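Here's the structure we're looking at; comments come further down.
As the structure is a prediction and not an experimental result, all values here were calculated from the model. This chain uses plain numbering: 1 for the first residue, then up along the sequence.
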Amino acid sequence: MLDPKKIEQVARQIQGALPKGVRELGEDVDKKIRGLLQSQLSKLDLVSREEFDIQTQVLLRTREKLALMEQRISALERENNPQENSQTPSSTDAE
């Protein structure tokens with residue numbers, strides 16, 4: 001899930017931002033900060049960077065396949081409906 005080193009780093013930053021009197025309370029406050037941070041982060045709907053990168057690649061491949069399929073459909077429609085291409089009015093018909 002979340003990297004414990006990152007949580008530790010954020011917890012130290014929070015602890016460093018606390019007023020001096022609160023910081024002097026010691027390990028109890030430190031444990032409570034880490035516990036609160038861990039519980040709040042676990043409530044978030046987060047994915048790892050690896051999972052994000054995998055999903056990005058899947059999306060790119062899907063888009064490529066979709067573009068190819070659209071091209072194939074267009075080509076098949078042109079092949080199956082040649083009369084539509086020849087029925088476009090020419091400039092001499094408009095006069």
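Atoms CG and CG, from Leu66 and Leu59 in turn, are 10.5 Å apart once rounded to the nearest 0.5 Å. Rounding to the nearest 0.5 angstrom, the gap separating the CD atom in Gln9 from the CG atom in Leu37 is 11.0 Å. Here the CG-CD distance, from Leu76 to Gln71, works out to 12.0 Å after rounding to the nearest 0.5 Å. Rounding to the nearest 0.5 Å gives a distance of 11.5 Å between CD of Gln55 and CG of Leu60.
Taking 4.5 Å as the limit, every side-chain heavy atom of Lys32 sits out of range of all side-chain heavy atoms of Leu36. You'll find the side chain of Glu64 stays beyond 4.5 Å of the side chain of Leu68, heavy atoms only.
Counting non-hydrogen atoms of other residues, nucleotides and ligands closer than 6.0 Å to CD of Glu50 gives a total of 12 or fewer.
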field: Derivation and outcome, side-chain contact (heavy atoms from CB on, under 4.5 Å), residues Arg61 and Val58
entry: CA-CA 5 Å; Arg61 285 193 305 270; Val58 169; 3.5 Å; yes
- request: For side-chain contact (heavy atoms from CB on, under 4.5 Å), just list the numbers for Gln57 and Asp53, CA-CA rounded to whole Å, side-chain angles, deciding distance to a tenth of an Å, and then say yes or no.
  value: CA-CA 6 Å; Gln57 293 300 315; Asp53 291 340; 5.7 Å; no
